[in-house]
Amino acid sequence: MRKIIGIFITVPVLALVLIFAGCGQQEQERPQVATVGLPAPDFILLDTRGKSWKLSELKGHVVFVNFWATWCPPCRQEMPSMQELYMSMPADKFKMLSILSNDEPVFADKLAAKIGCTFPVMDDPDSAVGKAYGITGVPETYIVDKKGILREKFLGPREWGSPEARYMLYKYLKE
């Protein structure tokens with residue numbers, strides 16, 4: 001009987017302690033991740049040739065941001081169509097930035113050379129940009145409009161050389 005009474009007293013007291021322990025504490029802020037319709041998270045990364053790229057400096061261009069890795073078969077599969085798209089778009093209005101995720105730049109350069117890719121390949125050594133975009137895997141692609149607003153998010157590989165992909169991008173080029 002004493003155990004039952006002890007439980008009936010202990011449980012409500014413990015509940016009150018837990019409730020009041022949280023009083024006055026502020027909820028920890030969660031980091032913002034890339035959200036369609038909002039400004040794209042800015043970043044500065046070096047490509048494998050040593051050139052610095054800052055997303056906010058590309059305002060006025062539609063920017064194709066692709067996260068990928070050499071060890072990812074779907075990433076390797078979509079790269080030729082990315083190159084096809086890159087070559088078909090107006091260079092003065094369109095930029096393609098491929099960001100290496102959890103991989104070695106030397107492997108990326110070898111693969112890009114083998115496939116014939118000429119778009120910039122950037123290294124995200126501490127995955128800070130990937131975290132800012134909230135990537136959940138690779139490949140993931142983000143389309144940023146000329147004003148720096150994230151307009152599209154694609155999970156998984158796509159056929160980027162398709163008429164549908166070009167139509168979608170030209171829509172943003174005309175805005």
Side-chain angles (χ1 to χ4, degrees), residues 33-125 127 129-130 132-175:
V33 295
T35 304
V36 172
L38 296 178
D42 198 15
F43 60 82
I44 301 174
L45 289 175
L46 291 177
D47 68 22
T48 57
R49 292 183 172 81
K51 181 178 177 182
S52 178
W53 294 85
K54 184 174 183 177
L55 182 64
S56 60
E57 290 178 354
L58 297 176
K59 284 190 178 169
H61 296 84
V62 172
V63 184
F64 180 105
V65 179
N66 176 266
F67 291 89
W68 70 288
T70 61
W71 46 261
C72 163
C75 298
R76 293 191 310 266
Q77 177 187 357
E78 80 174 347
M79 288 191 77
S81 72
M82 286 172 52
Q83 178 64 25
E84 182 183 337
L85 175 67
Y86 178 66
M87 295 305 293
S88 72
M89 300 301 285
D92 61 332
K93 298 176 183 175
F94 177 81
K95 297 297 179 199
M96 182 176 286
L97 307 178
S98 67
I99 301 175
L100 200 56
S101 180
N102 297 314
D103 205 345
E104 293 296 323
V106 68
F107 299 150
D109 277 345
K110 286 180 183 178
L111 180 64
K114 181 179 177 182
I115 295 173
C117 295
T118 58
F119 49 80
V121 175
M122 284 156 244
D123 187 25
D124 185 13
S127 299
V129 178
Y133 278 75
I135 68 168
T136 57
V138 289
E140 285 190 17
T141 303
Y142 299 80
I143 307 301
V144 181
D145 74 10
K146 293 191 267 184
K147 296 177 184 175
I149 304 299
L150 179 62
R151 293 296 176 192
E152 306 281 346
K153 176 180 179 179
F154 299 94
L155 304 178
R158 296 286 184 275
E159 179 52 52
W160 293 111
S162 71
E164 295 82 14
R166 287 190 183 122
Y167 176 79
M168 178 263 304
L169 289 165
Y170 275 109
K171 175 178 71 174
Y172 295 117
L173 286 172
K174 291 179 183 178
E175 288 182 346

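In what follows, residues are counted from 1 in the order of the sequence shown.
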Task: Nearest-0.5 Å distance that lies between atom CD in Glu57 and atom CG in Asp42 - done: 8.0 Å
Open item on the list: Tell me whether the count of non-hydrogen atoms from other residues, nucleotides or ligands lying under 6.0 Å of CZ in Phe107 goes above 12.
Closed with: no
Task: Test side-chain contact (heavy atoms from CB on, under 4.5 Å) applied to Gln83 and Ile115, step by step - done: CA-CA 9 Å; Gln83 178 64 25; Ile115 295 173; 5.7 Å; no
Task: From OG1 (Thr70) to NZ (Lys114), nearest 0.5 Å - done: 11.0 Å
- [ ] List the steps and the verdict of side-chain contact (heavy atoms from CB on, under 4.5 Å) for Met96 and Asn66.
- [x] CA-CA 8 Å; Met96 182 176 286; Asn66 176 266; 5.9 Å; no
Open item on the list: Within the structure provided, determine whether Leu85 and Leu169 are in side-chain contact (heavy-atom separation under 4.5 Å).
Closed with: yes
Task: Short N-O contact, Glu84 and Arg166, less than 4.0 angstrom - done: yes
Open item on the list: Using side-chain heavy atoms (C-beta onward) and a distance below 4.5 Å, is Ser101 in contact with Asp124?
Closed with: no
- [ ] Search all heavy atoms of Cys72 against all heavy atoms of Pro139 and return the closest pair with its distance.
- [x] SG-CD, 3.8 Å
Open item on the list: When you compare the side chain of Lys93 with that of Val62, does any pair of heavy atoms fall below 4.5 Å?
Closed with: no
Open item on the list: Minimum heavy-atom separation for Val144 and Ala40, please, with both atom names.
Closed with: CG2-CB, 3.7 Å
Open item on the list: Using only atom types and a distance under 3.5 Å, with no angle test, would you say the side chain of Arg158 pairs donor to acceptor with the backbone of Leu155?
Closed with: yes
Task: Closest non-hydrogen atom pair, Val121 against Ala108 - done: CG1-CB, 3.9 Å
- [ ] Measure the shortest side-chain to side-chain distance between Val129 and Met122 over non-hydrogen atoms and say whether it is less than 4.5 angstrom.
- [x] no
Task: Heavy-atom side-chain contact between Phe154 and Glu78 under 4.5 Å - done: no
Task: Short side-chain to backbone donor-acceptor contact, Ser127 and Pro125, under 3.5 Å - done: no
Task: Distance-minimising heavy-atom pair for Ser162 and Glu159 - done: OG-O, 3.0 Å
Task: Under 3.5 Å donor-acceptor, His61 side chain and Lys146 backbone - done: no
Open item on the list: With a 4.5 Å cut-off on side-chain heavy atoms, are Thr141 and Trp160 touching?
Closed with: yes
TODO: For residues Ser52 and Ile44, determine if any side-chain heavy atom of one lies less than 4.5 Å from a side-chain heavy atom of the other.
DONE: yes
TODO: Starting at CE of Met168, measure out to CZ of Arg151 and round the result to the nearest 0.5 Å.
DONE: 13.0 Å
Open item on the list: Measuring from atom CZ of Phe94 to atom OH of Tyr170, what distance do you get when rounded to the nearest 0.5 angstrom?
Closed with: 9.5 Å
Task: Contact summary for Leu45 and Asp123, nearest pair of heavy atoms - done: CD2-O, 3.3 Å
Open item on the list: On a heavy-atom basis, which atom in Asp103 and which in Ala69 lie closest, and how many Å separate them?
Closed with: OD2-C, 3.4 Å
Task: Rounded distance (nearest 0.5 Å) linking atom NZ of Lys153 with atom CD1 of Ile135 - done: 10.0 Å
TODO: Give the intermediate values and the outcome of side-chain contact (heavy atoms from CB on, under 4.5 Å) for residues Trp53 and Ile99.
DONE: CA-CA 11 Å; Trp53 294 85; Ile99 301 175; over 6 Å; no
TODO: Return the orientation label for the Tyr133 and Phe67 ring planes: parallel under 30°, perpendicular over 60°, tilted otherwise.
DONE: tilted
- [ ] Quick one: pull up CG in Leu150 and CD1 in Ile143 and give me the separation to the nearest 0.5 Å.
- [x] 9.0 Å
- [ ] Take Leu97 and Phe64, measure what side-chain contact (heavy atoms from CB on, under 4.5 Å) needs, and give me the verdict at the end.
- [x] CA-CA 6 Å; Leu97 307 178; Phe64 180 105; over 6 Å; no
- [ ] Decide yes or no for Trp68 and Arg76: does some side-chain heavy atom of the first lie under 4.5 Å from some side-chain heavy atom of the second?
- [x] no
